[in-house]
Amino acid sequence: MRYSQYFIPTLKETPSDAEVISHQLMLRAGMIRKVAAGIYDYLPLGLRSIRKVENIVREEMNRAGAIEILMPMVTPAELWQESGRWDFYGKELLRFRDRKDGEFCLGPTHEEVVTDIVRREVRSYRQLPLNLYQIQTKFRDEIRPRFGLMRGREFIMKDAYSFDVDSSAADISYDKMYQAYRRIFERCGLRFRAVEADTGSIGGTSSHEFMVLAESGEDAIVSCNCCDYAANVEKAEARISEVTAHVEPRPLEKVATPGKKSIEEVSAFLDVPSSIMVKTLVLLADDEPVVALLRGDHDLNEIKLKNLLGCETLEMAPDEIVLKVTGAQPGFAGPVGLAVKIVADLVVRGMRNFVTGANETDMHLKNVNLERDCAVKAFADIRNVSQGDPCPRCEGGAMELWRGIEVGHVFKLGTKYSQALKATYLDADGKEQIIFMGCYGIGVGRSVASCIEQNHDENGIIFPIPIAPFHCIISTVNYAKEEEVRKASDAIYEQLLSAGVEVLLDDRDERPGIKFKDADLIGIPLRIVVGAKNLVEGKVELKHRATGEMELLLVAEAVEKVKAAVAEALKK
RNA sequence: CGGGGUGUAGCGCAGUCUGGCUAGCGCACCUGCCUUGGGAGCAGGGGGUCGGAGGUUCGAAUCCUCUCACCCCGACCA
């Protein structure tokens, strides 16, 4: 491609509404432009990278035996009503009516639609297993779209759905997808972790998320520094601590702590570490008050508590409720004498003589002991794992904390949708059986964005070759006036093109500085600089964007090197 | 949905508090000259419903009311 004939509108300055680096760089590099909140144009460079990811995904899905289809973006309400999600999904589902007043929505995911295909077409166990996938634009009317392609409302997603005769066959399909996902993200050149995850509103029995490691990631994940265990913090199990050695309970003591509400304030005021304090949280589970007890330096994991209680909603109680439940202003709650349901974290069971609120404004209690001072029956793992915690799976391992961007998610769905939509088959005995499903998503645009989060410097993007919009750029010095430069550049361009290298020839009549800056910004991995100075000796410069390594080579050598580097990087 | 903020040229911003000359600056863009190994220089030029509607006023980018869009924090979320 000749740069002068192409369309790469780069920006020298960073648009003020772009917060994360990938969003800033994708705008500056002319890859995307915003059309509305969370809705973007894909300009040529952005589209090329997206297509690269799509093709890797497609190859690996096909390799794993999945079959590509394309389902509609507009889907009828009936299917969603049948699965029950029409009422459950909420405002994220963009709904509208057609001219005949029929109800529809833009597909945010396609379990219903694909299950409908399968229930109509699959009759026999002989037709299973089946795995159907599509690469398609989805729409979710996010409450707060942000970070460019990272969290848009409209986005390109690969979604696959597996159908099996039973649970163990479904496990095999799941494992195939898990392995395919590893290959996909490895081929994209991403540094990632596959972690155990909560299933959220999709439902189902178990799932893994594929997390690209990046500081800007919206998710917290933990992994063991010793074994393979890794999980989203939402899901990560805290290791059950053994009860502390016998400590003589000391007499209960009430102390004044005027105006000291937070754990930090009380800890400093009474000069006790937060780890021997118990924090008492008042929550509303489906509008019923519930109290959660945690060690002072631990955080509540709302998902664990929500799953434990089996409630639909869980939120922090407003001040009035706290006052009603504890008889004190927020900040002075404690478990002693409370009449509502109390759930204590497992760690709290082992705590002796701890400090907690007295259920009296401006007062705390010292030397509280649960078994003596209050009637707590429920103990459960309801806290977030923190840095350095012991691994729940191996001896001696410690948990490390990371930030991650979720680029892929695989779920075992079980029979949730097949049951609701009556997707069944006849087994070898002629008996009707329910189909077992799995679903598997990859955010395509998000993968490109997260790649940029991981691979950039102060000059711009540093694409890995497999998803770079072009493999190589030829930056020419005075292409317009120097005939030798023009001839050599054109020749290199033709040679690379015919070798199958995707090459961008910067033939613009611009000063070299502009071309170098643009080349760095758009992140093309390999750059050949053709200038009169080196051409006198028949040489050109080959520069690697990632390392900054620069070599002075004969024209033919440079061409060979580029070909070799591209071939090596695209090896499957 | 709650809290905060911003809308002035393609991008980045000043001007708004304290109403008043023809609405400015940098970058980008166009023409010419010059220049060509890291976003050059000189000269000339084009581009604005000051987010929109209504109001106050002799006079509104500036004050008031309503409204729209976008951004940030929170809640929520695959």
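What you are looking at is a predicted structure, and each value in this text was computed from that prediction instead of being measured. Chain identifiers are assigned alphabetically (A, B, ...) following the order of the sequence lines, protein sequences preceding nucleic acid strands; residue numbering begins at 1 within each chain.
Taking the nucleotide of RNA chain B with the nearest heavy atom to each of P512(A) and G38(A), the more 5' of the two is matched to P512(A).
Counting only heavy atoms from C-beta outward, the side chains of R2(A) and R508(A) never approach each other to under 4.5 Å. Between Y3(A) and E510(A), every side-chain heavy-atom pair lies at or beyond the 4.5 Å cut-off.
The base of rG39(B) is not paired with the side chain of E510(A) by any donor and acceptor separated by under 3.5 Å. Between the side chain of R527(A) and the base of rG38(B) there is at least one donor-acceptor pair of N/O atoms closer than 3.5 Å.
Rounded to the nearest 0.5 Å, atoms CG (D507(A)) and OG (S489(A)) are 9.0 Å apart. In this structure, C439(A) SG and M437(A) CE are separated by 7.0 Å, a value rounded to the nearest 0.5 Å.
Residue R28(A) is classed as a base contact, given a heavy-atom separation below 4.0 Å to a base. E92(A) comes within contact range of the sugar-phosphate backbone alone, with a heavy-atom separation under 4.0 Å but no base atom that close. No engagement by G441(A) is indicated, since no non-hydrogen atom pair under 4.0 Å with the nucleic acid exists. Counting any heavy atom pair closer than 4.0 Å across all strands shown, N459(A) reaches no nucleic acid atom. In this structure, S475(A) reaches neither bases nor backbone, as no heavy-atom distance under 4.0 Å exists between it and the strands shown.
Nearest to the side chain of R511(A), among rC70(B), rC76(B), rU36(B), sits rU36(B). Looking at the side chain of K34(A), the nearest of the listed nucleotides rC76(B), rG38(B), rC71(B) is rC71(B).
Within the 4.0 Å cut-off from OP1 or OP2 of rA28(B), at least one side-chain nitrogen or oxygen of K12(A) is found. Side-chain N/O atoms of K91(A) include none lying less than 4.0 angstrom from OP1 or OP2 on rC1(B).
Distance noted for atom P between rC42(B) and rU57(B): 50 Å (whole Å). Between rG2(B) and rG47(B), the distance separating the two C1' atoms is 41 Å to the nearest Å.
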